[in-house]
Protein chains: 2
Amino acid sequence: MIKVLLAEDQGMMRGALALLLDLEEDMQVVAQVAAGDQIVAAALDARPDIALLDIELPGRSGLDAAADLREQLPSCKVLIVTTFGRPGYLRRAMEAGASGFLVKDGPVEDLAAAIRRVLAGERVIDPGLAAAALSAGPNPLTQRERDVLTAAVDGATVADIAGKLHLSQATVRNYLSSAIGKTGTRNRMEAVRAARQNGWL
Amino acid sequence: MIKVLLAEDQGMMRGALALLLDLEEDMQVVAQVAAGDQIVAAALDARPDIALLDIELPGRSGLDAAADLREQLPSCKVLIVTTFGRPGYLRRAMEAGASGFLVKDGPVEDLAAAIRRVLAGERVIDPGLAAAALSAGPNPLTQRERDVLTAAVDGATVADIAGKLHLSQATVRNYLSSAIGKTGTRNRMEAVRAARQNGWL
DNA sequence: GCGGACCGATGACATTTGTCAGGGGGGGAT
DNA sequence: ATCCCCCCCTGACAAATGTCATCGGTCCGC
């Protein structure tokens, strides 16, 4: 019997997937969590064979949790199941030790199939997405550039960001400027968009 | 037997919900579509008793489709099922003639229950959300202000917007300024965020 | 030990953005 | 007929943003 942990914040999605997997003869959902910071604890408690992790979760990113999970419970495989097939996400997932990366766009049947393939030792990755991740190259942004961009997402002014990060306003503008340069965009809003698009935040 | 139409762009979600509803003894999913501009045609073909519509769909908004559907197939009830419980969305859904408004956050069991309640003639709306919609008041933005804000979502400059909307740059800045004023924000990025948050775009 | 990358900062500059006070024209309500 | 709101425009001004050159400090790899 394959024991599955399910981490997904949208209640309806989580419930539907759990129901669906429980219908499979050889699978059983042994834990369900809605927040990223509950994943490791729940896994240590329920000892699943595989963890299905969403990336954008409240509390903690599914990618961060994946890295910890691999370390603290190596017997548990990780399959990332996400809405957004962003190159940077795939890259980070692989670096975190995930065995598979599935986008929620595809048919439901893919899910159970992917679980079985992962447990058979395969790596499950959409070929087109893998190509995109490789062609996009690694994240060109430095830590601080990422910090400043993330702080700028919902319209914060330079003064706001400087305050939040304890930096000089001029420094913030420099980081923004270089982030804009590296993303090949024209202003911070485009830079934020481009960085998110690539999964660089 | 309750005949259901399902409009949802995310393949996995759509498949899971369809499976789940088909498990109900008295329900049957008679049509599934992934794009907003296929809803009416599919409904006219399959003659469902109720249509489950997501709002943010490719091609056409589920809200727009709902209005058409109510007109062309009045026997078919509409239940909006969406990720975002935004006040403006709820308001528009009601104006479009929807019988219910469900957010995807809740448990799956709510879905079948909501369908039955709608078909029994009830209106299904989250009470908290209804209160929020009323307290938020109607959309304060004029048509042009909405146009300009939507054109500004992903970092377009004033010149870009002016070009796209065939307006003078000064006019664009005036609309932006008044939108910023009405939303009580400090710059266009915050204004866009606030407007989206409220479902005003 | 030295080059290179990152962090943090300053000052100056050009450009963009946001605000304000207008004005003309249209259409809908009282 | 008048008022009010929306549309579109102008011009001017202040503030915020983006760019550039430059500096000192740390840490890592060769």
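Residue numbers start from 1 in every chain, and the chains themselves are labelled A, B, ... in the order their sequence lines are given, proteins ahead of strands. Being a predicted model, the structure only gives us computed values, none of them experimental.
- Counted within 6.0 Å of CD on A/E56, heavy atoms from surrounding residues, nucleotides or ligands total more than 12; the atom is thus considered enclosed.
- Distance check, rounded to the nearest 0.5 Å: CD1 of B/I115 to CG of B/L52 gives 4.5 Å.
- Looking only at atom types and distance, the side chain of B/S178 has a donor-acceptor partner in the side chain of B/E145 under 3.5 Å away.
- Residues B/Q143 and A/V158 both approach DNA chain D. Their nearest nucleotides, taken by heavy-atom distance, put B/Q143 toward the 5′ side.
- For the pair A/T157 and D/dA16, the criterion of a side-chain N or O lying under 4.0 Å from OP1 or OP2 is not met.
- Across all strands shown, A/R144 has heavy atoms under 4.0 Å from sugar-phosphate atoms exclusively, and none from any base.
- Atom CG of A/L165 is separated from atom C1' of C/dA9 by 15 Å (rounded to the nearest Å).
- Residue A/T142 is classed as a sugar-phosphate contact, given heavy-atom separations below 4.0 Å to backbone atoms only.
- Remark: A/K104 engages A/D54 in a salt bridge, criterion side-chain N to carboxylate O under 4.0 Å.
- For the pair B/M189 CE and C/dT16 C1', the computed distance is 15 Å after rounding to whole Å.
- With D/dT19, C/dG8, C/dT17 as the choices, the nucleotide that has an atom nearest any side-chain atom of A/Y175 turns out to be C/dG8.
- The distance between atom CG of B/L141 and atom C1' of D/dC6, rounded to the nearest whole Å, is 13 Å.
- A/S168 pairs with exactly one of A/L165, A/V172, A/T171 by the side chain to side chain contact (heavy atoms under 4.5 Å, CB included) rule, that one being A/T171.
- Per the geometry, CZ belonging to A/R186 stands 15 Å off C1' belonging to D/dT17, to the nearest Å.
- A/I180 has its CD1 atom 6 Å from the C1' atom of D/dG18, to the nearest Å.
- Picking from D/dG18, C/dT10, C/dG18 the nucleotide with the shortest atom distance to the side chain of A/A170 gives C/dT10.
- Nearest nucleotide to the A/T171 side chain, out of C/dT10, D/dG18, D/dC7: C/dT10.
- Atom-to-atom, CZ of A/R173 to P of C/dA14 comes out at 14 Å; the value is rounded to the nearest Å.
- Heavy atoms of B/S168 sit under 4.0 angstrom from primed sugar atoms or phosphate atoms, though from no base atom.
- Atom-to-atom, CD of A/Q169 to C1' of C/dG11 comes out at 14 Å; the value is rounded to the nearest Å.
- Here the C1' atom of nucleotide D/dC6 and the CZ atom of B/R146 are 12 Å apart, to the nearest Å.
- Residue A/N174 places no side-chain atom within donor-acceptor reach of the base of D/dT22, judged by atom type and a 3.5 Å distance cut-off alone.
- Nearest-nucleotide positions on DNA chain C for A/L167 and A/K182 put A/K182 closer to the 5' end.
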